[in-house]
Structures are given as C-alpha cells and as structure tokens.
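What follows is a set of notes on a single structure, which appears directly below.
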2 protein chains.
Amino acid sequence: MKLADYPFAPTDGAEDRAAAIREHLRDAIIDRRLAPGTKLGEAEVGALFDVSRTVVRSALQMLSFEGLVRSERNRGAFVANPSPEEARQVFDARRLIEPALAGSAVERLRPLDIAEFRSLLEEESRLMGERGASVRRAEIRASGDFHLALARVAGNAVLERFMEELVARSSLVIALYGRTGASSCGHADHGSILAALEARDVRSAGELLVHHIDHIESDLDLTPAHGLDLRAALSRG
Amino acid sequence: MKLADYPFAPTDGAEDRAAAIREHLRDAIIDRRLAPGTKLGEAEVGALFDVSRTVVRSALQMLSFEGLVRSERNRGAFVANPSPEEARQVFDARRLIEPALAGSAVERLRPLDIAEFRSLLEEESRLMGERGASVRRAEIRASGDFHLALARVAGNAVLERFMEELVARSSLVIALYGRTGASSCGHADHGSILAALEARDVRSAGELLVHHIDHIESDLDLTPAHGLDLRAALSRG
DNA sequence: AATGGCAAAAGTGTATGCAATCCCGATCCC
DNA sequence: GGGATCGGGATTGCATACACTTTTGCCATT
C-alpha cells in the first residue's frame with residue numbers, strides 16, 4: 001500500500017510523514033478518540049499508517065515534547081493523562097500569556113485578521129446549533145482555533161508555539177475533566193473578546209480573556225479524585 | 001564497544017543516550033563552541049559520540065523543537081542562526097513570563113530556595129572575578145541558571161519548560177549579538193532581584209526583572225545587519 | 001491455592017542497509 | 001565566455017534486522 005492512498009490534508013502531498021502522523025494522532029487525542037492512558041505501540045501505529053516504526057517514533061517523540069504523550073523508557077508511549085495540578089498549570093500559563101497576546105494583537109490587527117476571526121466565530125455558531133459527540137469534538141477544536149488565531153495575529157512566533165501547545169493540552173484536559181453539562185467553551189465570550197479587540201480596548205480584551213479562561217476552568221471537575229497514584233492510578237483514567 | 005565506556009556525566013549511568021547528546025550539543029551551542037550555521041551532520045556527530053545516526057537524529061529533533069537547531073528536509077541540521085526579530089520575540093516572551101514567575105515564587109519561596117539562589121550568585125561573583133573566553137561562557141550559563149532557578153521555584157512545570165527554552169535561546173542570541181564590551185549580564189541585577197524576592201516585594205521584583213531583561217537586550221546589537229538574506233546570508237554567521 | 005521463579009513472547013532501543021535527494025563540479029552547447 | 005545539463009559523491013529518509021528489556025504465562029514448590 002502506497003503513500004497517496006491515505007486521505008491526508010491536501011497540502012501534504014509528498015511532505016514529511018512523521019509530521020502528518022503527529023497531526024493525526026494529536027487530533028485523535030484532543031478529540032478523545034484516543035483515551036488518556038491508551039498505549040501507542042510503535043508497530044501498531046506504524047501498521048495503521050503503513051510506515052515503519054522509525055517514522056512513528058519520530059512522531060511520538062514530537063508529541064511527547066508537546067505533553068500530549070507520555071513516554072517511558074523501554075515501556076512505550078501512552079496518551080497523556082494530565083493530573084489536575086498539571087491542568088491548573090496549563091490554565092495559569094494561558095491566563096498569563098493570552099492577555100499579553102491581546103495587547104500585541106490590537107496593535108497589529110488588520111482587516112483580513114478580523115475577517116478570519118469572524119469566520120471562526122461563524123463556524124462555532126454553526127457547531128453550537130448541532131448535536132452529537134463528533135460535533136462536540138469539533139466545537140472544542142474550533143474554540144481552540146480562536147485562541148490560536150489570536151496568537152498568530154499577535155505576531156510573536158515563540159509565544160505562538162507556546163500557545164499551540166497550551167491549546168492542545170487544554171483540549172485534552174477539557175476532554176478529560178469537562179463536565180458534559182455546560183457548553184464546553186463559552187462561544188459568546190469569543191464574540192465579546194473580538195469586539196474588544198476591534199475597539200482597540202486592550203484592557204477590556206485582556207479581562208475578557210482571563211474571565212473566559214476562568215470560565216473554562218471552572219467548568220472542569222479538578223478534584224484530586226482518587227487517593228494516591230498506584231502507578232499513576234493504574235495508568236488509566 | 002559497550003555503553004559504560006563513555007565518560008558521560010556521572011548520573012547518566014545507563015540512561016538515554018539521545019538526551020545526553022542533546023545536552024552536550026546544547027551546551028556547545030549556547031557556549032558558542034558551535035557557531036551558528038554550523039552543519040550538524042548525522043554521521044559526523046554520531047562518530048563523535050560513537051552512536052548510530054538513529055540516536056543522533058533523535059537528539060537533533062529535540063534541539064530543533066527547542067529552536068536551537070534548524071532542520072531542513074533532505075539537507076540536514078544546522079546550528080540555529082536566530083534573526084534579530086527572533087531575538088526580540090524571545091526577550092518579549094521573557095519580559096512577559098518572568099515577572100509572573102516572580103509573583104508565584106514569592107508565595108512559595110522557602111529557605112532552601114534562598115540558599116540555592118545565594119549559591120548561584122556566589123558562583124556568578126566568582127566567575128566575574130576571572131578572565132578568559134571560557135569564563136565568559138560559564139558566566140552566560142550561570143546567569144541563565146539564576147532565571148531557571150526562579151522558574152523552578154515558581155512551581156509551574158509548564159512555564160518552567162518554556163523558560164528552559166527561552167533561556168537557552170537567549171544564551172545563543174547573546175553569544176551571537178552580544179557586544180563583547182559590556183558585562184554580558186548584570187550580576188548586580190540578580191542580587192537586587194533576589195533581595196526583592198526575599199522582601200516579598202512582588203512588584204519590585206517584577207520591575208527589576210523587566211529592567212534586567214531590558215538591560216540584557218539593550219546590550220545587544222540587533223541591527224538588521226546585512227541587507228537581504230541570500231539564503232540566510234550564505235548559511236553562515 | 002498462593003507464591004516464586006523461569007522462560008517464551010512482545011515490544012522498545014539501536015545499528016545498519018538501501019533508495020532518494022541534494023550539492024558540487026565537469027562538460028557541453030550556444 | 002556564460003549558462004544550462006548531467007553525472008559522481010555525499011547525505012538524508014526510511015525500512016529492516018538485531019540486541020536488550022519488560023511483560024506474561026506456566027510450572028514447580030510450599
């Protein structure tokens with residue numbers, strides 16, 4: 001079976017296969033199609049994508065750096081199972097970084113960027129109207145895209161990469177600890193944040209962002225759960 | 001030839017060799033023993049550490065993620081040659097993150113931590129008294145260690161990892177653009193920052209940190225240098 | 001029946017081989 | 001003489017083979 005048989009993204013023509021696998025796995029993890037703790041055997045993943053273990057190892061190493069996969073020597077790679085403490089740290093980092101991004105973004109915001117934000121918001125609205133598990137996944141993803149767009153507009157490549165990691169890990173945390181009841185990520189918040197950005201109101205945008213992140217975090221159940229970690233609570237969620 | 005024959009760091013007993021190579025290369029890069037643009041051939045590095053290209057590739061991939069190495073498909077890995085713009089973004093990120101770390105650190109500062117800070121400061125003082133190129137390198141490193149200690153004390157593992165990357169990239173930038181004249185990193189600044197931390201004066205500590213970072217950055221020559229980048233200025237510094 | 005140990009099986013860590021790509025220099029054509 | 005073209009050499013990308021570690025299932029022993 002050859003490379004082109006797989007429905008990779010159109011741009012991936014003859015590109016790096018490890019990166020493609022990384023993205024597939026990452027999507028699967030933050031969509032929770034792969035449950036935390038799931039073992040990602042090199043041979044198994046390799047068979048799925050029809051590549052050798054070499055390429056899979058490369059992809060797994062990248063995911064390990066991003067914090068989406070936990071690697072143990074001689075034991076293998078597993079979908080990360082972030083602790084509540086880890087989750088808090090991720091959100092703390094976001095509360096710190098995102099208001100600053102808003103400051104930079106306001107200075108550099110161009111009409112084209114606004115159009116992109118609006119497009120993302122419309123996509124979110126569309127998803128909110130529908131029902132179903134796969135829609136819920138897409139909703140989490142779309143919510144992350146809004147924050148990634150903010151990072152991109154801010155124009156700091158270093159912080160943008162940090163945000164990519166933080167958003168991915170947030171998505172995993174939400175999938176893990178999210179109370180299904182409430183809408184996972186307030187869509188209305190994004191709208192008001194964008195309005196503040198357009199109004200060049202940095203202070204307001206920053207406050208809205210912090211509240212937004214607070215809101216997301218407060219919607220989680222971050223109780224320490226079960227007592228001790230008997231080998232990380234049996235390595236399973 | 002067996003594993004234990006190599007004089008790695010004492011703790012590295014039977015540990016991961018890729019990580020060890022990564023650290024060796026990282027030290028060499030931020031010490032500028034490896035000049036920006038230098039090609040890191042897989043076979044060459046492998047011969048140096050007496051490992052196969054597989055292990056080297058793993059180490060290079062990690063360094064590529066950290067931004068210390070630039071990888072080009074089918075061409076190889078090169079020591080990163082950060083642009084002035086990139087340098088500014090690194091320092092912007094530090095100005096954003098470090099004052100926040102000070103806030104967390106003040107809340108969690110324990111006597112043992114203070115002792116560590118003092119020890120680091122003493123080491124810096126000792127190095128300042130000496131002369132020589134290798135001392136200058138050690139000075140840059142020691143300066144970075146102070147900021148890494150701050151990140152560690154702050155207790156956020158996510159931000160700590162970000163800081164590791166930022167400090168490493170800063171060291172590379174300083175080695176690249178630093179005007180040799182001025183002392184690369186104001187040692188006195190660290191002392192006053194520590195004093196502010198001990199006094200639980202978060203605001204003051206944050207301001208001192210920002211000024212400190214400003215000071216470091218102002219000591220660089222970040223002029224756009226030579227006109228265009230003819231294939232990144234011929235791939236050499 | 002429970003426990004300890006052993007051996008096979010599974011899976012990862014590393015080395016190596018082969019194909020593809022890129023770089024460089026020589027050659028040829030205009 | 002300048003520029004394009006075409007090998008040769010070197011290097012990377014990937015797959016595979018082998019070594020070592022961990023796990024697992026079985027059996028003997030208590």
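Small disclaimer: the values here were computed from a predicted structure and weren't measured. To find a chain, count down the sequence lines: A is the first, B the second, and so on, and within it residues start at 1. Below, all heavy atoms of this structure are taken into account, side chains as well, without hydrogens, waters or symmetry copies.
Counting to the nearest Å, the P atom of C:dA20 and the CG atom of A:D16 are 17 Å from each other. In this structure, B:R17 places its CZ atom 12 Å from P of C:dG13, rounding to the nearest Å. B:F49 has its CZ atom 18 Å from the C1' atom of C:dA15, to the nearest Å. Rounded to a whole Å, the CZ atom of B:R73 is 18 Å from the P atom of D:dT11.
Inspection of the A:R70 and A:S64 side chains reveals no N or O donor paired with an N or O acceptor under 3.5 Å.
By the 4.0 Å N-to-carboxylate-O rule, A:E86 lies close enough to A:R169 to be salt-bridged with it. The existence of a salt bridge linking B:R161 and B:E164 is excluded, since no basic side-chain nitrogen approaches an acidic carboxylate oxygen closer than 4.0 Å.
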Mind listing the N/O atom pairs, protein and nucleotides 7-11 of chain C, below 3.5 Å?
residue, atom, partner, partner atom, Å
C:dG11, O3', A:K39, NZ, 3.4

Practice problem: Decide side-chain contact (heavy atoms from CB on, under 4.5 Å) for B:L220 and B:F91; before the verdict, give the C-alpha distance in whole Å, the side-chain angles of both, and the deciding distance to 0.1 Å. | Solution: CA-CA 11 Å; B:L220 304 178; B:F91 285 109; 3.5 Å; yes
Self-check item: Stepwise salt bridge (Lys or Arg N to Asp or Glu O under 4.0 Å) test for A:E217 and A:R95
Solution: CA-CA 11 Å; A:E217 189 177 7; A:R95 267 187 291 265; 2.7 Å; yes
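Across residues 53-64 of chain B, B:R53, B:R57 each have a non-hydrogen atom less than 4.0 Å from an atom of DNA chain D (numbered order).
Mapping A:S52 and B:L40 onto DNA chain D by nearest heavy atom places B:L40 at the nucleotide closer to the 5' end.
Classified by interplanar angle (parallel below 30°, tilted 30° to 60°, perpendicular above 60°), the ring pair B:H190/B:F146 is parallel. Below 30°, between 30° and 60°, or above 60°: for A:F49 and A:H24 the angle between ring planes is above 60°, a perpendicular geometry.
For the side chain to side chain contact (heavy atoms under 4.5 Å, CB included) with A:S171, the lone residue among A:I29, A:L176, A:I140 that qualifies is A:I140.
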